[in-house]
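Notes follow once the structure below has been shown.
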2 protein chains.
Amino acid sequence: MALPNETQRGTSQSLKALLGLRDLVYSGEVAPGERLTEISVSERLGLSRTPVRAALARLGREGILEAIPSGGYAVRTFTAADVHDAIELRGVLEGTAARLAAERGVSCSDIDAFKAIVRRLDTIVGTTPAELDFSAYVSANAQFHDMLAVLSGSKVLQREIEHVLHLPFAGPSAFLNAQTDMPEFRTSLISGQAQHRAIAHAIEMREGARAEAVAREHARLARLNLDVVIRDSALAERVPGLRLVSG
Amino acid sequence: MALPNETQRGTSQSLKALLGLRDLVYSGEVAPGERLTEISVSERLGLSRTPVRAALARLGREGILEAIPSGGYAVRTFTAADVHDAIELRGVLEGTAARLAAERGVSCSDIDAFKAIVRRLDTIVGTTPAELDFSAYVSANAQFHDMLAVLSGSKVLQREIEHVLHLPFAGPSAFLNAQTDMPEFRTSLISGQAQHRAIAHAIEMREGARAEAVAREHARLARLNLDVVIRDSALAERVPGLRLVSG
DNA sequence: GCACTACAGATTGTATACAAGCTCTTGTCA
DNA sequence: TGACAAGAGCTTGTATACAATCTGTAGTGC
């Protein structure tokens with residue numbers, strides 16, 4: 001089984017172990033702080049120890065699991081402060097990506113593609129709340145953030161941003177699905193879109209400081225959303241892994 | 001073998017595989033771009049495939065190796081731009097650490113300990129070039145940068161900084177040992193130390209913006225040093241893994 | 001001469017057997 | 001009654017056998 005890239009590598013069992021274990025954690029099937037041994041996980045997932053071992057090590061380095069001194073791993077619990085910090089960190093890194101893109105300049109075709117994503121977001125956000133295509137927004141939003149990392153022109157930075165996005169709740173759309181029916185949601189959508197436009201404009205105008213500042217502030221929206229969600233335990237249920245938070 | 005923390009885990013063979021493989025790469029024993037298979041590495045190191053496999057996967061995620069589509073890994077080659085970006089990234093993250101430390105405030109005992117490190121660096125740098133205790137400088141400098149990450153008060157950021165320091169040549173003392181006898185070295189040491197003092201002062205005075213700006217600029221010293229080293233191939237020999245750069 | 005197919009070799013994926021050590025419990029002795 | 005020691009069980013570390021498949025090459029047919 002010589003399989004191509006890292007995502008495909010381990011078509012069957014390894015991938016099953018990784019996704020299965022991640023799901024076990026995020027779904028709350030294993031309690032935060034609960035101990036996970038290679039054997040118990042392999043029995044739960046119906047796999048042998050080898051792929052499970054790899055998955056445990058990987059999630060351990062991703063930060064979702066924590067190595068226990070006496071052996072095995074524990075589901076890590078996060079405090080609200082940890083989530084705040086993760087979001088702040090994303091803001092800093094995306095701000096750097098925006099600044100580098102502005103400073104170093106991007107090609108016409110790249111900036112055009114970027115602006116096309118912004119326009120698509122414009123039309124999605126421009127509809128009435130009732131007919132908002134939510135999944136289209138999440139998808140286009142993810143594209144915007146992906147492309148921002150690419151525009152930085154730095155593979156190193158791109159890789160690091162991807163790494164931070166693996167941290168729980170740091171993603172740009174992490175808390176959105178809990179809030180589709182809240183009034184705050186609509187306003188945060190609108191101001192977020194204004195920031196998207198400002199970032200694209202600043203990059204095009206090669207205004208590095210502005211691009212960085214706006215991108216940083218943009219991440220703060222997620223912090224606001226987090227605070228809203230945390231205050232309302234009914235909403236918290238709808239965010240996949242919020243069970244891991246608070247400890 | 002239920003061994004405690006992550007560094008100890010795998011006392012014998014796993015650690016041997018990790019260190020051995022890392023050494024194989026940094027020493028230039030395997031050429032940049034050369035293909036590494038589990039079997040060839042395990043034969044070279046005299047280990048079985050299992051620990052080698054783990055080491056390959058780990059270095060792959062650290063960024064030193066690169067997965068080959070047809071299977072196996074290749075020693076990754078870095079461009080000077082990659083190294084520049086890695087250093088820039090360290091500056092951004094350490095700048096954030098300094099800003100957070102300033103904004104959130106640090107305890108008296110912490111700031112005292114931090115200033116003690118700065119004073120130690122002062123005395124080391126204050127000597128004549130001839131009697132400079134080089135290894136003491138490297139050690140105290142590492143302590144300064146470690147503690148800066150701790151002072152941020154953010155485990156998430158601390159972890160991320162540690163992650164970036166694993167990138168080749170991103171460390172704060174990466175290029176120093178190539179330059180002990182150069183005049184540029186002395187000036188960069190002196191201005192670097194001025195920046196250390198300024199960072200500590202800014203944190204104490206809770207001047208977040210200043211702390212961030214100085215810490216960022218501080219990382220730029222490493223970029224200057226890199227440029228000096230790269231221009232002089234004789235110096236490049238003395239930096240362990242500079243063979244990986246330029247491609 | 002070119003293209004397609006089939007086979008062989010190489011390489012990773014997976015499972016499992018065995019080794020080693022840590023922890024916890026239980027029993028005994030002072 | 002308390003403390004220490006010994007042993008059992010659990011858990012991970014390591015090695016290896018076997019499976020699956022991908023790549024490259026060679027041969028044949030059109």
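Within every chain, numbering begins at 1; the chains are lettered A, B, ... in the order of the sequence lines, protein sequences first and strands thereafter.
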(request) Take the protein atom CG of A/Leu47 and the nucleotide atom P of D/dA19, then report the distance between them rounded to whole Å. (result) 19 Å

(message) In whole Å, I'd like the distance from the CZ atom of A/Arg49 to the C1' atom of D/dT16.
(response) 14 Å

(request) Find the distance A/Tyr73:OH to D/dT12:C1' and express it as a whole number of Å. (result) 10 Å

(request) Find the distance between CD1 (A/Ile203) and CG (A/Leu148) and round it off to the nearest 0.5 Å. (result) 5.5 Å

(request) Determine: side-chain N/O of B/Arg53 to OP1/OP2 of C/dG13, distance under 4.0 Å, yes or no. (result) yes

(request) Please state whether the phosphate of C/dG13, meaning OP1 or OP2, lies under 4.0 angstrom from any side-chain nitrogen or oxygen of A/Thr50. (result) no

(message) Under a 4.0 Å threshold between the charged nitrogen and the carboxylate oxygen, would B/Glu88 count as salt-bridged to A/Arg104?
(response) no

(request) Could you verify whether a donor N or O on one side chain and an acceptor N or O on the other, from A/Ser109 and A/Asp112, lie under 3.5 Å apart? (result) no

(message) Going by side chain to side chain donor-acceptor pair (under 3.5 Å), name the pairs with one or both residues in residues 148-158 of chain B, residues two or more places apart or in two chains.
(response) A/Asp85-B/Ser154

(request) Determine the interplanar angle of the A/Phe144 and A/His196 rings, folded into 0 to 90°, and report it as parallel if under 30°, tilted if 30 to 60°, perpendicular if over 60°. (result) tilted

(message) Using five base pairs at each end to define the local axes, how bent is the helix from C/dG1-D/dC30 to C/dA30-D/dT1, to the nearest 10°?
(response) 0°

(request) Please state whether the phosphate of C/dA15, meaning OP1 or OP2, lies under 4.0 angstrom from any side-chain nitrogen or oxygen of A/Ser48. (result) yes

(message) Just the rounded figure in Å: distance from P of C/dT12 to CG of A/Leu15.
(response) 19 Å

(message) Let's go through B/Glu160 and A/Val92 carefully: what are the C-alpha distance in whole Å and the side-chain angles of both, what is the deciding distance for side-chain contact (heavy atoms from CB on, under 4.5 Å) to 0.1 Å, and is it a yes or a no?
(response) CA-CA 12 Å; B/Glu160 208 62 20; A/Val92 167; over 6 Å; no

(request) Specify the closest pair of heavy atoms between B/His166 and B/Tyr26, including all atoms of both residues, with the distance to one decimal. (result) O-OH, 4.3 Å

(message) Pair A/Val164, A/Leu167 - check side-chain contact (heavy atoms from CB on, under 4.5 Å), show working.
(response) CA-CA 5 Å; A/Val164 170; A/Leu167 291 170; 4.1 Å; yes

(message) If you only use heavy atoms from C-beta on, which nucleotide in C/dG13, D/dG13, D/dA15 is closest to the side chain of B/Gln13?
(response) D/dA15

(request) Output the residues of residues 30-46 of chain B in contact with DNA chain D, where contact means a heavy atom of the residue under 4.0 Å from an atom of the strand; sort by number or write none. (result) none

(request) Flag yes if more than 12 heavy atoms outside A/Glu162 fall under 6.0 Å of its CD atom; otherwise flag no. (result) no

(request) Rounded off to whole Å, could you give me the NZ-to-C1' distance for the A/Lys16 and C/dT14 pair? (result) 12 Å

